[in-house]
Amino acid sequence: MNLVSLKIFIVIFFCLYGLLGMVEPASAHRVNVFAWVEGDTIHVQSKFAGGKRVKAAKIVVLDPQGNELLSGITNEQGEFSFPIPMRTDLKIVLIAGQGHQAEWTIPAAEMKDLPLATDATAAAKAPAQTQKPTQISELSPGIKPESPLPVVSLQELEAAIESVLDRKLKPISKMLVEAQYRGPTVGDILAGIGYILGLVGIAAYVHSRKKKE
Amino acid sequence: MHISEGVLSGPVLISGAALAAAGTAIGLKKLDYDHIAKAGMLAAAFFVASLIHVPIGPSNAHLILNGLVGLLLGWAAFPAILVALALQGAFFQFGGITTLGINTIIMALPAVLCYLGFGRMIFKSPQIAYLAAFACGFLAILTSGIIVGLSLIFTEENFLEVAGLIIAAHIPVMIIEGVVTAICVAFLRKVRPEMLPGYPG
């Protein structure tokens with residue numbers, strides 16, 4: 001009798017295992033949202049676990065007090081962009097409907113000090129300013145300025161560096177976004193089944209103790 | 001058909017958790033020594049079933065198998081589904097900790113209802129048995145969809161629309177689950193009839 005049930009269990013187990021092999025593990029269950037700052041714009045990307053994009057889903061942007069600052073709808077690529085409404089911690093909530101929801105927080109520190117300055121003006125200012133020190137050093141060759149000359153203001157330098165960094169880091173942030181959408185692996189599945197077998201063992205043990213008593 | 005964290009309000013979550021706890025207590029009380037292994041097997045099947053996708057139409061839904069779990073386990077479907085959902089939450093990030101109760105209700109309540117409704121028909125004539133098994137698989141998902149709609153009533157405020165959307169998206173899965181449940185019942189009637197509810201022997 002026990003042998004029969006063992007055989008049935010083994011058959012079922014391998015059937016399930018075979019199905020897992022055929023069907024790639026993916027799920028329409030979990031939604032992910034990820035947002036990053038680029039200049040004075042915030043880009044939001046959303047996906048279901050498994051990589052399907054969340055089209056036409058509602059995005060709501062909240063301030064730390066929970067007030068709605070703005071809202072929008074994701075496009076065909078599951079993306080949504082908006083200008084920074086105010087310099088504060090922003091909570092971005094994706095509402096995919098039917099009880100699916102995810103959120104992402106952007107701390108105020110990730111936003112620029114000057115949200116009004118656009119990328120274009122910052123980029124235009126930056127090269128003009130950085131040329132000045134080289135001109136000076138040409139005028140006085142061999143003499144290294146002992147103290148840094150206050151030609152480029154700290155703010156402008158920061159703005160320039162930030163805009164370049166934003167551009168350079170964009171592919172990396174995108175890669176990080178992709179890395180977030182990890183579907184369940186075979187290891188996860190086997191671990192879950194292992195837990196269930198362990199619980200069955202515990203239940204059987206508890207019952208056997210009760211029987212003895 | 002899992003509800004994510006942060007969607008539902010506190011009272012809905014708490015009442016869901018309370019109902020799930022009550023169901024699990026009844027299930028554990030009814031789960032005797034002989035059925036522990038069966039409950040474990042079906043919990044494992046339920047745990048894995050949501051990874052098997054059915055690519056039909058624009059949406060791709062996945063198997064749920066709560067009708068089958070309910071039919072074979074009765075009230076013990078509550079602890080089995082609770083365990084499976086907790087593990088799905090831990091390993092796949094489906095659902096979440098706070099929504100575990102309401103998600104258990106969504107899956108396990110229809111399972112138990114199907115058991116109560118159709119459990120007695122499994123050892124009638126084959127036609128009735130297969131029809132009952134199909135109805136089990138089909139109606140369990142339908143009922144789950146309705147419960148999702150009901151639990152979202154306080155947030156999305158449009159019960160008919162939400163429930164309708166969910167049910168429409170799951171119609172292919174309902175049919176497939178009905179067929180799968182009927183096949184399982186037909187197989188078990190021949191091979192291991194004592195696994196089915198209402199075994200006369």
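Order of the sequence lines fixes the chain letters, A, B, ..., with proteins taken first and strands second; residue numbering starts at 1 for each chain. Quick note: numbers below take in every heavy atom, side chains included, and nothing from hydrogens, waters or symmetry partners.
Taking the centre of each ring, Phe91(B) and Tyr195(A) come in below the 6.0 Å mark.
Using a 4.5 Å heavy-atom cut-off against chain A, no residue of residues 131-142 of chain B qualifies as contacting.
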Residues 11-28 of chain B side chain polar contacts: donor-acceptor under 3.5 Å, at least two apart:
from     : atom 1 : to       : atom 2 : distance (Å)
Ser15(B) : OG     : Pro11(B) : O      : 2.7
Ser15(B) : OG     : Val12(B) : O      : 3.1
Thr24(B) : OG1    : Ala20(B) : O      : 2.6

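Every residue two or more places apart in sequence or in another chain was checked for a ring pair (Phe, Tyr, Trp, His ring centres under 6.0 Å) with His35(B), and none qualifies.
Closest non-hydrogen pair, Val48(B) versus Ile189(A), comes out as CG2-CG2, 4.0 Å.
Taken to the nearest 0.5 Å, the CG atom of Leu42(B) stands 10.0 Å off from the CD1 atom of Ile196(A).
For the salt bridge (Lys or Arg N to Asp or Glu O under 4.0 Å) condition, the pairs that include at least one residue of residues 74-83 of chain A, sequence neighbours left out, are Glu79(A)-Lys174(A).
Proximity to chain A (any heavy atom under 4.5 Å) is restricted, for Phe47(B), to the side chain, taken from C-beta onward.
Counted within 6.0 Å of CD1 on Ile97(B), heavy atoms from surrounding residues, nucleotides or ligands total 12 or fewer; the atom is thus considered open.
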